[in-house]
Structures are given as C-alpha cells and as structure tokens.
Amino acid sequence: MCCPGCETVAQTIVDNGLVSYYQYRTAPAEKVELVPEQLQALIHYDNEQVQTEFVRNSEDQSEVTLSLDGVSCAACAWLIEKHMMASNGVVSIRVNTTTNRAILVWDKTKTRLSELLGQIHGLGYKAAPFEADQHEANYHPP
C-alpha cells in the first residue's frame, strides 16, 4: 500500500468480501510513527493565545487550515474526511491532496483542537496548523 488511507480502504474491501480487488499488491505501506511526546505536545494548540495565530472563530465554531504529512492520494483524503466527520464536534473537513492541507471546522464547545489533531495522528498522518513560514522552510522542490 502506498499509505495508511489505502491500507484502510483495502481492509474495508477485504472485510466486505472483495479480496480480488487487491490481489496484485506486493508490499505494505509505510506508516507514520506516532511518538507519545509529540501527541502530548498537541495540547498546546488548545491555548487561546496560541490559537490567535491560526484559528478563525465565529460564535461556537472555529476553523483552522492544517498542514498534513503522509497524505499521498485520494484514499488518504477519504479516510481522514470520513473518520473526522464521524467525530464529535466536527462540522466539516475538506482535505486537499494537492496542497497537503485540510480546512477543519469544529464546534469548540464540544471538542478541543488537540483531540481532533490526535485523531488524525491516530490514523497515521501528521497534522498541525498551517504556518506559511514553516511550510516554506520545509519545502524541497523536486
């Protein structure tokens, strides 16, 4: 598999008796390692002063643009969107596989940003608020 999204989609296919769909796959996908210290650090994103840098608020809803790492195809986007839309407090999420970003809208009275980021990490992807300066520093053209 090329990514955690493809692996999950493949498992769904297997679970539904459609095994022949992946009969030509030869190697498992690489997975993003989840480091407990990194997940613990997500709680800092719940600080209101920190959020002023990247969260847009309106009444009970908040919106953030996320940078995603590990997203490589439409299956990744589907998995993240499907999982997150089933999460308590998520109003909407749109994943863009071209830019490796997502726009997440959530009800801040029902959940915290750190919990939502942790769920994305739990799927095998890294997610953090998009910061243009950091994005440019990490960009390595092909």
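The analysis underlying the following values was restricted to heavy atoms, covering all of them including side chains, and did not include hydrogens, waters or symmetry mates.
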Open item on the list: According to a hydrophobic-cluster definition based on side-chain heavy atoms being under 4.5 Å apart (Ile, Leu, Val, Met, Phe, Trp, Tyr only), do Leu113 and Ile103 belong together?
Closed with: no

- [ ] Compare every heavy atom of Trp106 with every heavy atom of Arg112, then report the nearest pair and how far apart it is.
- [x] C-NE1, 4.4 Å

TODO: Would you kindly say whether Thr111 and Asn88 are connected by a side-chain donor-acceptor distance under 3.5 Å?
DONE: no

Task: Point-to-point distance, once rounded to the nearest 0.5 Å, from CE of Met85 to CZ of Arg94 - done: 11.0 Å

- [ ] Locate the shortest heavy-atom distance separating Ala127 from Ile120; write the atom from each residue and the value.
- [x] CB-CG2, 3.7 Å

Open item on the list: Taking Glu59's backbone N and O only, do any of them form a donor-acceptor pair with Lys108's side chain (distance below 3.5 Å, no angle check)?
Closed with: yes

Open item on the list: Let me confirm one number: the CD-CG distance from Glu53 to Asn47, rounded to the nearest 0.5 Å.
Closed with: 10.5 Å

Task: Which residues share a side chain to side chain donor-acceptor pair (under 3.5 Å) with Asp107, sequence neighbours left out - done: Thr109

Task: Residue pair Leu116 / Val64, side-chain heavy-atom distance below 4.5 Å - done: no

Open item on the list: Can you tell me if Arg56 has over 12 outside heavy atoms packed within less than 6.0 Å of its CZ?
Closed with: yes

- [ ] Could you grab the distance from atom NE2 of His121 to atom OG of Ser114, nearest 0.5 Å is fine?
- [x] 10.5 Å

Task: Interatomic distance, Ser62 atom OG to Glu48 atom CD [nearest 0.5 angstrom] - done: 9.0 Å

Task: Nearest-0.5 Å distance that lies between atom OH in Tyr125 and atom CG in Leu66 - done: 14.5 Å

Task: Side chain proximity check, Thr65 to Phe54, heavy atoms < 4.5 angstrom - done: no

Task: Leu104 side chain near Leu117 side chain, heavy-atom distance below 4.5 Å - done: no

Side-chain donor-acceptor pairs of residues 70-82 under 3.5 Å, sequence neighbours excluded:
from: Glu81; atom 1: OE2; to: Val95; atom 2: N; distance (Å): 2.7

- [ ] Quick one: pull up CG in Leu123 and NE2 in His83 and give me the separation to the nearest 0.5 Å.
- [x] 4.5 Å

Task: Donor-acceptor contact below 3.5 Å, side chain Asn100 vs main chain Ser67 - done: no

